[in-house]
Amino acid sequence: MAGTQGNQGNSGSHHGSSQANQGNAQPNQGNAQAHQGNPPADEPTRPADQAREAVVEAALGRLDLDAKARLLAGQDMWSLPALPEIGLESLVMSDGPIGVRGVRWTADDPSVALPSPTALAATWDPGLARRAGVLLAQEARRKGVHVLLAPTVNLHRSPLGGRHFEAYSEDPYLTGRIGTEYVRGVQAGGVGTTVKHFVANDAETERFTVNNLVSERALRELYLAPFEVIVAGARPWGIMTAYNSVNGTTMTEHRRLVDEVLRGEWGFDGINVSDWTAARSTVPAIESGLDIAMPGPQTVYGDALAQAVRDGRVEEATIDAAVRNVLRLAARTGILEGAEPAVTELPGPVDGEALAREIARRSFVLVRNEGALPLPEGHRVALIGAAARDARVLGGGSATVFPARIVSPLDGLTAALPEGTLTYAVGADPNQELTPADQGFELRAVCRDADGNVIGTGSAPNGHIQWMGSDLPDGVTHAALHTVELTGTFTPRESGAHTFGIKGLGAFTLTIDGTTYFDDVQRPESDDRFESFLRAPTPRAQAELIAGEPVDVTLTYVLALPEGIPMPVVTFTLAHREPQRDPDELIAEAVEAARAADTAVVVVATTELVESEGFDRKDLRLPGRQDDLVRAVAAANPNTVVVVNSGSPVELPWRDEVAAVLLDWFPGQEGGAALADVLTGAYEPGGRLPTTWGSLTDAPVTQVTPVDGELPYSEGVFIGYRAWQKEGRTPSYAFGHGLGYTDWTYESVKVEGSTVTVRVTNSGTRTGREVVQVYLAPTETDSERPVRWLAGFAGVEAAPGETVEVSVELPRRAFEIWEETADAWAFVKGSYEVEAGRSIADLRVTTTIDV
Ligand code: BGC
């Protein structure tokens, strides 16, 4: 094990040390793209573009009204119809963003699972985001997918946002930089993206209907900003309009933001697809620039759209504009005959497992280290926590993919540490919910018709069945299918009372070891049309079982189509929970293990009931007895390292009582291997916080619950660190914070034109990587503007003792505000501090510029 003990300090520099470089700076002129320092997107040359447009026009001219209207609506959950008459194949879309699920929602169609988007943003490395994109394009091609439903570039407005883990940051600049390269990576592999969810879809409560009231200034400076930058820098082939309304208009009908801003001002030339079921009307949607209504086949487009033209309610030219966009997308992805795809030379193959592991270790944020990490060689380690064994690697909802393997922290450390030096204890199990039957279950799905005849059999790698549209076991049709029997055996790994449960809506029968425990109907409990996909399983049986002795298990489901889903779907789950042990006993056991070891590593985690699409969080606490567990272990062993396995902020009330705290996000399928890399010191943790971590009571912006359907963004432009600084509050861990295994001294900062040059020295004893962050602060306080904001950053590597220089371009936009009275950007002249450092709260060198 290599490496020095971590050290938070820095010898040479301190906050405010001013490098005299008073002078006139010239912020980078030009558009948002140039400001980001991005080279132009990998676009085909103009003649190829023109040739493609000609093929698109010719194809459009050969389609009749009905075919055109059909092309604008899903034929099923994930695809558009093929139109053989013009040589157009069916265009397939799939979620996104950490993997490519494909058209099948099941564990027997596995996908590489990368770390959560919060983790990708924590790398502060656009190059890594680009490589992630290239891998995802490779995955998409493998699965016959032409468009990835990603990235999610909504902002971390409130830490309670249920899909917080699925977005990048509270800062629009960081979000834009990561999102731009992600899109460029995917599209460099010839696969389209839909940047989502346009716009202000920052929470889940009443998500289909909420009317977010957002000032134009906050829209421009915060929520629209990442979309604008990505459109300029990566020319995305698609965008997804959100469920919510903004200032009274639902986003799939928001002509001003879509037609005038996105297409008009920014020159976006891709498709606009509705979020799933977000298209609510025929005429207002098509006239507001919504190209595709998903999913189908029952939609507000298709026949209804053709009829609207026949009735004279919509001009055919309006439909033509949408069809043109769809055909252009098809041409770019290579499924329109005669058109050259946008990418003719694919990038070389990417090793998905290796990349997942690299991103994970580069994303882990070491927020505290009192010398406990890296683990000294030969240390006996007690690994503690339910999530250390049953790893939580991704967040819930449409971002779910099914990886072929998951490396848990226990697997990772077992492989990395010398034999006999690792013990394991559960300590506390926060999983109150039941999870899909998996460990110890051998299941298959038997399909029957209404007369009880077997018409087919499907594989069931776990207890979750989800067949959508035509994705059914061989020989089975929706018309004939009446009952699915999920049946097989279960061999428990522990003796005791095992709980079994059912997720899904409709009539179920649950039989275990010959006893029928449930024979009734599960009815909806909310009006969320995706309830059958998103709701937690309901416990329905408890059976005393003996470890190692198999029992028969059967769950029978009589099909019912979930309401509001415009296609046939079979979705239900047999869920299970291990016998629950006495919580005090579990903690006592963990304390014993910690006492007998040199270092205790406690993995604490959120659960799927805490972080998922479909609902917001109620608080930021770690569920169950995990806080008690950490305190008890820390009292027993001064070398207690806590690993926080969550996609978004949680409160860490014991953080000053432990020796180290490492945030590992939802780390993706290779998370445990990456964790071992970092704990042993084979690699340093590379992450910096993309979002402020603090307690819920201190957090300035938390509101996610609409009142009478409205959610006012009354804080204006003050979210995230902008709000913490305005309120003068100190969070637990500041935006940008994160430690490595070496030390850095900031030598100087200077500004020439729009270029900021920062000199840093690696003053530690091992090679490391620093994320040099540059903030801009107006010297005269102005209550309308944040105290300071992120204006640029760059990663730099250096060997011990080495001094390196890094350059960061100041974008013109960093000096601009949106002036509502003028309805335009205004450059704010004056004097600014240019501050460089390790986080927004640890600025080491400063200079003043006048612009
Ligand atoms: C989500 C989208 C997702 C879509 C398809 C929606 O409920 O909001 O992010 O792409 O479903 O799964």
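Source: prediction; values computed, not measured. Start at 1 and go down the list; that is how both ligands and their atoms are numbered. Just the heavy atoms: all of them, side chains too, but no hydrogens, waters or symmetry mates, feed the values below.
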Do the side-chain N and O atoms of Glu139 and Ser111 include a donor-acceptor pair separated by under 3.5 angstrom? no

Check ligand 1 against the protein and report each N/O to N/O distance under 3.5 Å, formatted as atom name, atom name, distance.
unit_1   : atom_1 : unit_2 : atom_2 : d
ligand 1 : 7 (O)  : Tyr243 : OH     : 2.8
ligand 1 : 7 (O)  : Glu613 : OE2    : 3.0
ligand 1 : 8 (O)  : Arg163 : NH1    : 2.8
ligand 1 : 8 (O)  : Asp275 : OD1    : 3.3
ligand 1 : 8 (O)  : Asp275 : OD2    : 2.7
ligand 1 : 9 (O)  : Arg163 : NH2    : 2.8
ligand 1 : 9 (O)  : Lys196 : NZ     : 2.9
ligand 1 : 9 (O)  : His197 : NE2    : 2.7
ligand 1 : 10 (O) : Asp95  : OD1    : 2.6
ligand 1 : 10 (O) : Lys196 : NZ     : 3.0
ligand 1 : 12 (O) : Asp95  : OD2    : 2.6

Exercise. Classify the side-chain pair Asn431/Thr607 by whether it contains a donor and acceptor separated by less than 3.5 Å.
Key: no

Subject >> Thr538 versus Lys503, side-chain donor and acceptor atoms under 3.5 Å >> reply: no

- Between Tyr713 and Tyr223, does the ring centroid distance fall short of 6.0 Å? yes

Distance-only donor-acceptor check, side chains Ser288 and Arg256, under 3.5 Å: no

Here the salt bridge (charged side-chain N to carboxylate O under 4.0 Å, His left out) pairs for residues 270-279, sequence neighbours left out, are none

